[in-house]
> 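One structure is given below, represented as structure tokens, and several questions about it will come after.
Residue numbers count from 1 along this sequence.
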Amino acid sequence: MSEIKLEEAAAAETKGEEEQDWVAAKAFFDNLKTKVPRPPKPRYAVTIAVSSRTLFNMVAERKVYEDQGLEKYVAFQVENEDDPLKPGAAFPFVKAVMNVNSRLRELYPDSEELFDIVLMTNNHAQVGMRLINSINHYGLTIERFCMTGGKSPIGYLKAYMTNLYLSKDSNKVTEAIEEGIAAATMFMPEKEMDLCQTQLRVAFDGDAVLFSDESEIIVKKHGLDTFFEHEKQFENKPLAQGPLKCFLEALGKLQRKFYAKNERMNCPIRTFLVTARSAASSGARVLKTLRSWGLEIDEALFLAGAPKGPLLEKIKPHIFFDDQMFHIEGAKELGTISAHVPYGIGQKYHKGKLIVQPEKKE
């Protein structure tokens with residue numbers, strides 16, 4: 001019995017020494033001095049995971065992969081690793097995010113409440129040098145990589161404490177949303193637009209993006225009149241949250257840091273609600289829902305069914321989130337960087353018509 005106790009005591013002592021070594025090693029690493037901005041600790045950061053094909057335009061590289069296979073693709077990337085990749089759909093958004101970080105560091109030098117960009121890709125490690133060289137070429141601060149060698153990276157999103165995942169792959173985005181992570185499929189606009197260099201602008205649709213699709217279900221199944229009656233009846237009942245509510249919440253947290261320094265009018269983050277709802281008939285419930293969540297939106301634009309593209313052309317957001325592809329298509333035609341949120345009943349419709357699925361053959 002005494003031998004067992006001695007072994008337990010020795011094991012406990014060893015464990016204690018290992019914990020002390022870990023604490024000492026961590027303290028040494030944390031105190032290392034560098035001129036390069038260190039990424040914030042994930043528990044404090046607003047973490048945005050972007051795929052390599054979203055951050056960079058890799059259409060030509062993708063064609064090599066599809067036409068010639070994986071080995072030729074990897075060889076092509078290695079051969080061209082000193083040639084920077086061209087910017088992709090998420091590039092302006094990431095640049096704007098980094099401008100916000102610079103402003104935050106000016107006001108709060110020791111704060112870790114910052115944006116943190118993670119490159120989340122199923123690329124192989126051999127491709128990593130070209131990605132690193134491209135990131136350094138454009139002066140992007142991206143220190144965390146997740147390269148999964150052909151496997152889906154979705155399983156790592158929660159481990160990275162991801163607040164938003166942006167990809168070109170709609171299947172991965174759907175998988176992320178099913179895991180409870182805010183996500184969207186990004187699209188390049190069909191023409192270039194001059195975007196604001198000093199302010200991050202983020203535009204959200206309402207139903208099935210910030211809010212659940214409960215009201216949209218009524219529109220699709222029973223028509224507008226029933227929808228207006230329903231919204232009036234439940235005006236004081238907050239809508240359930242949608243897949244991107246948590247990202248608006250994260251933006252709001254950073255905005256309030258600027259407000260606390262009397263920088264509200266000079267805040268480098270601006271948010272927009274761009275909804276097809278009518279203001280007088282169904283807008284009150286939306287605004288009361290945001291109020292009940294303790295969230296602010298800088299501009300609320302109720303279009304009463306009018307096209308969103310022309311208005312977005314004036315707003316010039318770095319990213320616009322919507323659940324319906326016809327809104328995405330209209331926006332990107334006019335130069336808006338758009339991101340599709342594959343969530344809710346809207347996925348079963350296109351331009352108001354139910355998409356008829358082919359019958360499965362037994």
Side-chain angles (χ1 to χ4, degrees), residues 34 36-62 64-65 70 73-74 76-78 80-102 112 114-173 175-177 179 181-188 200 202 247 250 318-319 337 339:
T34 175
V36 177
R38 297 276 291 277
K41 292 182 175 64
R43 65 180 178 274
Y44 303 121
V46 176
T47 300
I48 299 169
V50 295
S51 73
S52 54
R53 288 200 296 138
T54 309
L55 182 60
F56 298 115
N57 185 336
M58 298 178 69
V59 173
E61 288 75 10
R62 183 72 178 177
V64 172
Y65 172 75
L70 176 60
Y73 166 77
V74 172
F76 178 84
Q77 293 283 39
V78 172
N80 293 277
E81 64 183 25
D82 293 326
D83 182 18
L85 293 158
K86 293 178 181 178
F91 189 90
F93 173 70
V94 169
K95 289 284 285 185
V97 156
M98 291 182 176
N99 175 63
V100 174
N101 276 358
S102 297
E112 295 207 67
L114 303 163
F115 286 107
D116 187 23
I117 305 296
V118 175
L119 190 70
M120 186 75 62
T121 173
N122 62 354
N123 260 300
H124 290 252
Q126 295 95 315
V127 182
M129 275 308 303
R130 192 174 190 199
L131 294 171
I132 289 170
N133 289 341
S134 298
I135 285 168
N136 289 335
H137 172 78
Y138 293 110
L140 304 178
T141 307
I142 302 177
E143 300 293 349
R144 302 192 210 274
F145 273 39
C146 180
M147 306 186 71
T148 59
K151 294 185 177 180
S152 173
I154 301 305
Y156 293 105
L157 289 174
K158 285 187 177 178
Y160 277 86
M161 302 179 73
T162 303
N163 295 93
L164 176 68
Y165 171 59
L166 299 173
S167 175
K168 297 283 285 185
D169 189 324
S170 59
N171 291 325
K172 289 189 180 75
V173 167
E175 192 180 342
I177 288 175
E179 291 289 318
I181 294 164
T185 311
M186 289 203 74
F187 294 89
M188 284 288 285
L200 169 66
V202 183
F247 182 56
H318 292 90
I319 192 167
I337 301 170

> Drop me the distance from L114's CG to Y44's OH, to the nearest 0.5 angstrom.
12.5 Å

> Tell me yes or no: between the side chains of Q77 and Y73, is some donor less than 3.5 Å from an acceptor?
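Yes - a donor-acceptor pair under 3.5 Å links their side chains.
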
> Do side-chain atoms of D169 reach the backbone of K172 as a donor and acceptor pair under 3.5 angstrom?
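At least one qualifying donor-acceptor pair exists.
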
> Keeping R130 on the side-chain end and V78 on the backbone end, is there a donor-acceptor pair under 3.5 Å?
no

> For a quick test of reading the model, state the closest non-hydrogen atom pair linking S170 to T185 and the distance between them.
CA-OG1, 3.5 Å

> Does Y138 have more than 12 heavy atoms from other residues, nucleotides or ligands lying within 6.0 Å of its OH?
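Counting neighbours around OH of Y138, more than 12 heavy atoms of other residues, nucleotides or ligands fall under 6.0 Å, so yes.
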
> For residues A89 and I337, report the shortest heavy-atom separation together with the two atoms involved.
O-CG2, 3.4 Å

> Can any side-chain N or O of N133 pair as donor or acceptor with the backbone N or O of E81 at less than 3.5 Å?
yes

> Testing the basics here: between A49 and M120, what is the closest heavy-atom pair and its distance to 0.1 Å?
CB-CB, 3.9 Å

> Does any N or O in the side chain of S51 come within less than 3.5 Å of the main-chain N or O of S167, such that one atom is a donor and the other an acceptor?
no

> Check whether any side-chain heavy atom of Y156 sits under 4.5 Å from a side-chain heavy atom of V118, and report yes or no.
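SC-SC contact between Y156 and V118 ruled out.
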
> As an exercise, state the distance from CD1 of I117 to CG of L55, rounded to the nearest 0.5 Å.
8.5 Å

> Is a side-chain donor or acceptor of T121 paired with a backbone partner of M147 at a separation under 3.5 angstrom?
no

> So, for M161 and P42, which heavy atoms are closest and what is the spacing to 0.1 Å?
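Smallest interatomic distance, heavy atoms only, reads SD-CB, 3.7 Å.
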
> Taking N163 for its side chain and T47 for its backbone only, find out whether a donor-acceptor pair lies under 3.5 Å.
yes

> Using atom types as modelled and distance alone, determine if a side-chain donor or acceptor of Y160 lies under 3.5 Å from a backbone N or O of F145.
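Yes: the side chain of Y160 pairs with the backbone of F145.
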
> Near F76 CZ, under 6.0 Å, is it more than 12 heavy atoms from other residues, nucleotides or ligands?
yes

